[in-house]
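First the structure, in the form of structure tokens, and then the observations on it.
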Amino acid sequence: MDCQEISVRTARLSDAEPIARITAAYAESGIMLKRAPENIIENIRNFFVAEIGGRVVGCCAISFFTLHLAEIRTLAVCDAYKRNGVGTMLVNKAEGILREEGVRSSFVLTLSPEFFLGLGYKTVSKEMFPQKIWRDCTTCPKLMECDEVAMLKELQIVVSS
């Protein structure tokens with residue numbers, strides 16, 4: 001697949017249903033937690049989508065924790081488009097927005113650490129992110145048996161002249 005065909009943009013309300021469909025497939029496989037459609041709608045401006053020919057084939061979201069720390073989350077790509085650079089393009093878009101906002105560090109909790117290692121993330125302790133644990137993890141069914149890997153990347157800040 002030619003990466004030229006893929007475009008990545010900020011999600012719109014009309015993308016909520018395709019995002020829900022893509023993420024539901026991941027949730028059914030136990031790769032991510034299920035996101036309620038109303039949660040996606042409520043947070044739609046924090047999502048990015050990858051599309052090919054007008055069809056949404058992937059998504060990710062950002063979640064701000066402090067002025068200088070944010071999470072990249074809900075990264076999902078349709079099976080037919082995996083290993084074609086879609087996930088990388090989505091993460092790059094999210095990181096670009098974080099840099100513009102002055103965020104210095106991006107973290108992920110993932111079951112695919114190899115993917116994020118390739119993007120410059122380093123494995124760290126989950127305890128580095130107490131804000132994440134207090135806000136999201138306390139309601140997670142995997143709280144006491146979390147199998148996700150915490151990873152961190154220091155971002156180069158965009159300096160406007």
Side-chain angles (χ1 to χ4, degrees), residues 3 6 8-11 15-16 18-36 39-40 42-50 56-79 81-158:
C3 285
I6 304 166
V8 176
R9 61 171 173 76
T10 302
D15 298 318
I19 291 169
R21 192 170 39 253
I22 293 168
T23 58
Y26 277 68
E28 288 167 14
S29 300
I31 297 171
M32 76 174 49
L33 296 175
K34 185 169 175 72
R35 302 256 335 219
N39 179 268
I40 293 169
E42 181 180 319
N43 294 287
I44 198 70
R45 291 297 181 199
N46 290 335
F47 275 90
F48 304 97
V49 295
V56 174
V57 299
C59 64
C60 80
I62 53 178
S63 182
F64 296 95
F65 281 84
T66 70
L67 289 174
H68 302 294
L69 178 68
E71 177 186 19
I72 295 179
R73 58 192 292 165
T74 321
L75 177 62
V77 177
C78 293
D79 285 343
Y81 298 97
K82 287 183 180 175
R83 303 205 186 285
N84 287 298
V86 176
T88 299
M89 291 175 72
L90 284 160
V91 171
N92 288 342
K93 175 71 171 181
E95 288 177 354
I97 297 299
L98 296 177
R99 284 183 186 96
E100 287 175 11
E101 292 293 335
V103 172
R104 294 186 182 131
S105 302
S106 170
F107 76 94
V108 298
L109 291 178
T110 183
L111 295 175
S112 302
E114 312 79 30
F115 172 77
F116 287 98
L117 281 170
L119 296 176
Y121 284 76
K122 296 185 180 358
T123 303
V124 296
S125 169
K126 289 180 198 123
E127 285 71 32
M128 285 186 66
F129 312 111
Q131 311 94 317
K132 168 71 176 173
I133 294 166
W134 295 329
R135 188 167 86 186
D136 296 331
C137 297
T138 56
T139 59
C140 177
K142 291 182 170 184
L143 176 63
M144 301 311 284
E145 298 174 355
C146 183
D147 55 353
E148 292 184 311
V149 176
M151 303 185 82
L152 181 72
K153 181 176 182 178
E154 298 302 326
L155 302 174
Q156 302 270 334
I157 303 301
V158 174

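Reckoned from all heavy atoms, side chains included, excluding hydrogens, waters and symmetry mates.
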| Looking at residues at least two apart in the chain, or sitting in another chain, which of them share a side-chain contact (heavy atoms from CB on, under 4.5 Å) with Lys82? | Tyr26, Val77, Asp79
| Which heavy atom in Ala94 sits nearest to a heavy atom in Cys60, and how many Å separate them? | CB-SG, 4.1 Å
| With sequence neighbours left out, what residues match Ala16 under side-chain contact (heavy atoms from CB on, under 4.5 Å)? | Ile40, Ile41, Ile44
| task | Calculate, to the nearest 0.5 Å, the distance between atoms CD and CD1 belonging to Glu71 and Ile62 respectively. | result | 11.0 Å
| Which residues share a side-chain contact (heavy atoms from CB on, under 4.5 Å) with Glu154, sequence neighbours left out | Ser105, Leu152
| Is there a side-chain contact between Asn43 and Arg35, using heavy atoms and a 4.5 Å cut-off? | yes
| field | Ring geometry between Phe116 and Tyr121 (parallel below 30°, tilted from 30 to 60°, perpendicular above 60°) | value | perpendicular
| field | Nearest-0.5 Å distance that lies between atom CG in Asn46 and atom CD1 in Ile72 | value | 12.0 Å
| Residue pair Gly58 / Leu90: nearest heavy atoms and the distance that separates them | C-CD1, 3.7 Å
| Criterion side chain to side chain contact (heavy atoms under 4.5 Å, CB included) on Val124 and Phe107, from CA distance to verdict | CA-CA 9 Å; Val124 296; Phe107 76 94; over 6 Å; no
| query | If you round to the nearest 0.5 Å, how far is CG of Asn92 from CZ of Arg99? | reply | 7.5 Å
| message | Give me the atom names and distance for the closest heavy-atom approach of Val57 to Val86. | response | CG2-CG1, 4.4 Å
| query | Looking only at atom types and distance, does a side-chain atom of Arg45 sit under 3.5 Å from a main-chain N or O of Ala11, one as donor and one as acceptor? | reply | yes
| message | Among residues at least two apart in sequence or on other chains, which ones pass salt bridge (Lys or Arg N to Asp or Glu O under 4.0 Å) with Lys93? | response | none
| field | Arg9: partners by salt bridge (Lys or Arg N to Asp or Glu O under 4.0 Å), with sequence neighbours left out | value | Asp15, Glu51
| What residues, two or more places apart in sequence or in another chain, satisfy side-chain contact (heavy atoms from CB on, under 4.5 Å) together with Ala61? | Phe47, Arg73, Thr74
| Between atom CD1 of Ile97 and atom CZ of Phe64, what is the distance when rounded to the nearest 0.5 Å? | 8.5 Å
| task | Give, for atom CG of Leu109 and atom CE of Met151, the distance between the pair rounded to the nearest 0.5 Å. | result | 10.5 Å
